[in-house]
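Below you'll find the structure, written out as structure tokens, and then a few comments.
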Amino acid sequence: MAGIKVFGNAASPSTRRVLLALHEKNLDFELVNVELKDGEHKKEPFLSRNPFGKVPAFEDGDLKLFESRAITQYIAHRYEEQGTNLLPADSKNIAHYATMAIGMEVEAHEFDPVASKLAWEQVFKNFYGLTTDHAVVAEEEAKLAKVLDVYEARLKEFKYLAGETFTLTDLHHIPVVQYLLGTPTKKLFTERPRVNEWVAEVTKRPASQKILQ
């Protein structure tokens, strides 16, 4: 049976989300580069792996998946006994699992849409020779500030967003956070003490450092 393959781009936050999970699990894998600038993700053979034309796609033997958060959940469950546990400490506790699930939903629907726009404006536009729209940045920073205020309150109660242990909820944030730390938006993290501590904790993890290499 073939091993694990990730079809994506190493600079893509969504691809990095999957790579993070694999590194946390100490799993061997092959990253098959998909050149986004050339539009490879909008053509065959990639479209046969994800008909929506978005990276990453994933294979583990005969299993084929797409959508980064679905892939990380598969990795966390399929390889639960390997490497870092990315599920609640008692993964059979429905209440604890639901708390993590809420965190993942908040990341996907409240944090990421805003944070990704900020990364696009301040980081990725440079790759394409485009100019940052500072009005958009100001608007999106105001939205992100409100999300981070909620996180600040949450992190006054717990070390991590889903409780006292590192889980997928935290992991899903890391790639975009890493990009934003290199922009003026960093101030939104640093001016909130608990958020700042959490960001420092999750971005210094060995797996987090590996995706930057």
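Note: hydrogens, waters and symmetry copies are ignored here, and every other heavy atom, side chains too, is used.
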| field | Contact check, side chains of F29 and L19, non-hydrogen atoms, under 4.5 Å | value | yes
| Got a sec: does the OH of Y128 have more than 12 other heavy atoms crowding it under 6.0 Å? | yes
| field | Heavy-atom side-chain contact between L47 and E44 under 4.5 Å | value | yes
| query | Can you check whether I71 reaches P56 side chain to side chain, under 4.5 Å on heavy atoms? | reply | yes
| query | Are the charged groups of D170 and R205 less than 4.0 angstrom apart, N to O? | reply | no
| Under 3.5 Å, is there a donor-acceptor pair between the side chain of T15 and the main chain of A10? | no
| Judged by atom type as modelled, is there a donor-acceptor pair below 3.5 Å linking the side chain of E152 to the main-chain atoms of R194? | yes
| query | Quick one: OG on S68 to NZ on K54, what's the gap to the nearest 0.5 Å? | reply | 10.5 Å
| message | With a 4.5 Å cut-off on side-chain heavy atoms, are V202 and H173 touching? | response | no
| remark: Tightest non-hydrogen contact, residues A89 and T165, listed as N-OG1, 4.1 Å
| request: Could you tell me whether a side-chain N or O of T99 sits under 3.5 Å from a main-chain N or O of A95, the two making a donor and an acceptor? | output: yes
| task | Give a yes or no on this: more than 12 heavy atoms of other residues, nucleotides or ligands lie within 6.0 Å of atom NZ of K117. | result | no
| request: For N9 and V34, indicate whether the former's side chain and the latter's backbone hold a donor-acceptor pair under 3.5 Å. | output: yes
| message | Using ring centroids (six-membered ring only for Trp), state whether Y97 and H77 fall under 6.0 Å. | response | yes
| Side-chain donor or acceptor of K125 paired with backbone N/O of T131 under 3.5 Å | yes
| query | If we only count heavy atoms from C-beta on, is the F124 to P13 side-chain gap below 4.5 Å? | reply | yes
| Should the pair E140-K143 be classified as a salt bridge under the 4.0 Å nitrogen-to-oxygen rule? | yes
| Side chain Q178, main chain S208, donor-acceptor under 3.5 Å | yes
| Is any NZ, NE, NH1 or NH2 atom of the basic residue among R49 and E59 found under 4.0 Å from an Asp or Glu carboxylate oxygen of the other? | yes
| Just by distance, do the side chain of E105 and the backbone of H109 share a donor-acceptor pair under 3.5 Å? | no
| message | I'd like to know if the side chain of Q209 and the backbone of T203 have a donor-acceptor N/O pair within less than 3.5 Å. | response | yes
| said: Between E141 and T185, do the side chains contain a donor N or O and an acceptor N or O under 3.5 Å apart? | reply: yes
| remark: side-chain contact (heavy atoms from CB on, under 4.5 Å) test vs Y79 passes for just one of N26, T84, D60, namely D60
| query | Counting only N and O atoms by type, is there a donor-acceptor contact under 3.5 Å from the side chain of D38 to the main-chain atoms of E40? | reply | no
